Amino acid sequence: PPPPPPPPPPLAPNVVVPKAAPTILPTSPGPPPPPPSPPVAVVVPAPPPPLPPPPPPKPKVAVSDITTKLVPQYDSLTSTESLYKFTPQSSLQYSTSPPKITDKILVIAGPDKGRTGVLLGVEENKTGIIKLSTKEIKVIDLGKIAKQLLE
């Protein structure tokens, strides 16, 4: 038996290859054959473009407490830190007993030092959910808040 014909060469993207219409040979005298049909074009689609590379990973930053994740930087308008910068801790008046939910609290450390509010809840990771007197809701480490002394 003769060897099989070699496979056709691979097609480049977007190359049009004409296909010839089959020729019909008359087997008996009769009407003339119809005119040959025009060649049919086959379009091979181009492969999709490659995906862009993923963005580089963000550098890891050491986090001192949970509040730095919520507000990465404080401006001088929202932070009371500059007001209490040189105020000794002993001048802030607060109870030494830990605050309970719904107690009025005083923020004794961090950028919100000196602000007052209400303790709304306590998380497992030793943070408190605070509603400040400015109507802001913040998550602050329990070590940075104390129960307010009521007059």
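Only heavy atoms go into these numbers, but all of them, side chains included; no hydrogens, no water, no symmetry mates. Source: prediction; values computed, not measured.
We find the CG-CG distance between Asp112 and Leu132 to be 6.0 Å, quoted to the nearest 0.5 Å. Here the CG-NZ distance, from Leu106 to Lys147, works out to 13.5 Å after rounding to the nearest 0.5 Å. With rounding to the nearest 0.5 Å, the separation of NZ in Lys138 from NZ in Lys131 is 15.0 Å.
Taking each heavy atom of Ala146 and Ser95 in turn, the nearest pair found is CB-O, 4.0 Å. When all heavy atoms of Ile105 and Pro99 are compared, the closest pair comes out as CG2-CB, 3.7 Å.
In summary, of the residues considered (Val139, Ile137, Ile130), a side chain to side chain contact (heavy atoms under 4.5 Å, CB included) with Leu120 occurs for Ile137 alone. When each of Leu119, Thr127, Ile108 is paired with Ile145, the side chain to side chain contact (heavy atoms under 4.5 Å, CB included) condition holds for Leu119 and for no other.
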